[in-house]
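Just below is one structure, and these are the notes that go with it.
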Amino acid sequence: MKFDAIAPGVYPELIYPPYKSTAKRGPVQPPLRLAAGLPVTQNIAPSPTILLPNDMDLTAQGDAEPLGEKIVVTGRVLDEDGKPVRNSLLEVWQCNSAGRYRHKRDQHNAPLDPNFHGWGKMMTDDEGRYRFVTIKPGPYPWGNHDKAWRPAHIHFSLFGNVYAQRLVTQMYFPNDPLFDYDPIFQSIPDLAARQRLISRYSLEHTVSDQMLGYEFDIVLRGRDATPLDI
């Protein structure tokens, strides 16, 4: 059984004035609905050989341990019917614990960590579950408005089983004081949908005295869809 189409307010508007750069890059014409061809609807079958050593452990990609709080993030990828999305490629990227990305356009006056690259990828298992180890990212200023700081977050990108399930989103951490001031987070009108972007602390997935665990489930399309990133 298929759920109804996604409810209004779950996805942000493509132009959201408080998020200033959307005015320059967002489409001004209404979207057109196209009939999906086979490349859009056929299953995607990425090969596990695309995974490199340490893709699922972002703390093991340098010559030594990176600085910051080590964490483990896990969750399930589900379709609109609540069924697991199996063997699906999931990519993540983030800034380091000081709030700086390893990218030439990031000139924030914060240190780069030579032992933290900030990106990884993994495949979901037969239950649709993924898991990776990383460093909790720091907040950072981004110049959108006066005193504009982004809440700590990790970017997620995945296709699901078909190209029509393409999703780019962000995972936030519980109880961040910057939520109320962040136009990207606030661009989602529906409060319940907004909460679906916040991970949950998990005692079950916490690893002894080594790292805290967080759970973040992703739903591709449908009534309980995870909001997109504008």
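Since we're looking at a predicted model, the values are computed, not measured.
- When all heavy atoms of A152 and D176 are compared, the closest pair comes out as N-OD2, 3.3 Å.
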Under the side-chain contact (heavy atoms from CB on, under 4.5 Å) criterion, do N115 and D63 qualify, and how do the steps go?
CA-CA 6 Å; N115 293 306; D63 296 327; 3.9 Å; yes
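- Judged by distance alone, the side chain of N144 and the main-chain N or O of A148 form no donor-acceptor pair under 3.5 Å.
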Side-chain donor-acceptor pairs under 3.5 Å in residues 187-194, sequence neighbours left out?
from, atom 1, to, atom 2, distance (Å)
S187, OG, I184, O, 2.7
D190, OD2, A192, N, 3.2
D190, OD2, A193, N, 2.7
R194, NE, I188, O, 3.0
R194, NH1, Q186, OE1, 3.2
R194, NH2, I188, O, 2.8
R194, NH2, P189, O, 3.3

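- Under the 4.5 Å side-chain heavy-atom criterion for Ile, Leu, Val, Met, Phe, Trp and Tyr, V85 and L51 are members of distinct hydrophobic clusters.
- Proximity of a side-chain donor or acceptor of Q61 to a complementary backbone N or O of N54 within less than 3.5 Å is detected.
- The cluster map of Ile, Leu, Val, Met, Phe, Trp and Tyr, joined by side-chain heavy atoms under 4.5 Å apart, puts F156 and L167 in the same cluster.
- Side-chain contact check for Q170 and D229: at least one donor-acceptor pair (N or O, by modelled atom type) lies under 3.5 Å.
- In this model, a donor atom of one side chain and an acceptor atom of the other lie less than 3.5 Å apart for Q94 and T134.
- In this model, no donor atom of one side chain and acceptor atom of the other lie less than 3.5 Å apart for R76 and T124.
- Looking at every heavy atom in both residues, A110 comes nearest to A98 through CB-O, 3.6 Å.
- Residues V92 and F132 meet the side-chain proximity criterion, which asks for heavy atoms closer than 4.5 Å.
- In this structure, V10 is not a member of the same hydrophobic cluster as L14, with clusters built from ILVMFWY side-chain heavy atoms closer than 4.5 Å.
- For the pair Y11 and A225, the tightest heavy-atom approach, listed with the atom from each and the gap, is OH-CB, 3.9 Å.
- Considering all non-hydrogen atoms of both residues, Y130 and T74 come closest at O-OG1, 2.6 Å.
- Tracing side-chain contacts under 4.5 Å through hydrophobic residues (I, L, V, M, F, W, Y), one reaches L203 starting from Y214; they form part of the same cluster.
- By the neighbour-count criterion of 12 heavy atoms within 6.0 Å, atom CE of M122 is densely surrounded, having more than that number from other residues, nucleotides or ligands.
- When ring centroids are compared, W119 and Y101 stay outside the 6.0 Å threshold.
- In this structure, T59 contributes its side chain and E65 its backbone to no donor-acceptor pair below 3.5 Å.
- The shortest non-hydrogen separation linking E80 to G222 is CB-CA, 3.7 Å.
- Under a hydrophobic-cluster definition in which Ile, Leu, Val, Met, Phe, Trp and Tyr are linked whenever side-chain heavy atoms come within less than 4.5 Å, directly or via other members, W149 and Y172 are assigned to different clusters.
- Using a distance-only test at 3.5 Å, with no hydrogens or angles considered, a donor-acceptor pair links the side chain of N96 to the main chain of P111.
- Here the side chains of L78 and K83 are not in contact, with every heavy-atom distance at 4.5 Å or above.
- Side-chain contact check for R150 and Y181: no donor-acceptor pair (N or O, by modelled atom type) lies under 3.5 Å.
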Show your working on salt bridge (Lys or Arg N to Asp or Glu O under 4.0 Å) between D217 and R200 and close with a plain yes or no.
CA-CA 9 Å; D217 296 332; R200 307 178 299 278; 3.4 Å; yes
Can L89 and K121 be said to form a side-chain contact (heavy atoms from CB on, under 4.5 Å), step by step?
CA-CA 7 Å; L89 178 66; K121 57 182 180 291; 4.2 Å; yes
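- Enclosure of atom CD in E13 is not indicated, since only 12 or fewer non-hydrogen atoms of other residues, nucleotides or ligands lie within 6.0 angstrom.
- Under the 4.5 Å side-chain criterion, counting only non-hydrogen atoms from C-beta, W142 is in contact with D182.
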Applying side-chain contact (heavy atoms from CB on, under 4.5 Å) to I135 and L58, what does each step give before you reach the verdict?
CA-CA 7 Å; I135 293 296; L58 282 66; over 6 Å; no
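- Atom CG of L90 and atom CZ of R131 lie 14.5 Å apart (nearest 0.5 Å).
- Side-chain contact check for H145 versus P183: some heavy-atom pair is nearer than 4.5 Å.
- Proximity of a side-chain donor or acceptor of S199 to a complementary backbone N or O of E215 within less than 3.5 Å is not detected.
- Residues Y140 and D106 fail the side-chain proximity criterion, which asks for heavy atoms closer than 4.5 Å.
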Any chance you could lay out the side-chain contact (heavy atoms from CB on, under 4.5 Å) test for M171 and L197, step after step, and finish with the verdict?
CA-CA 5 Å; M171 182 200 92; L197 292 177; over 6 Å; no
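- I218 has its side chain within reach of L158: a pair of non-hydrogen atoms, C-beta onward, lies under 4.5 Å apart.
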Return all side-chain donor-acceptor pairs below 3.5 angstrom for residues 204-213, not counting sequence neighbours, or 'none' if the list is empty.
from, atom 1, to, atom 2, distance (Å)
T206, OG1, Y201, OH, 3.2
T206, OG1, S202, O, 2.8
T206, OG1, G213, N, 3.0

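- By the 4.5 Å heavy-atom criterion applied to side chains, I154 and F173 are counted as neighbours.
- Here the NE2-SG distance, from H108 to C95, works out to 8.0 Å after rounding to the nearest 0.5 Å.
- Residues R100 and D113 have side chains not in contact (no heavy-atom distance under 4.5 Å, counting atoms from C-beta outward).
- S21 contributes atom OG, which lies 11.0 Å from atom CD1 of I15 (distance to the nearest 0.5 angstrom).
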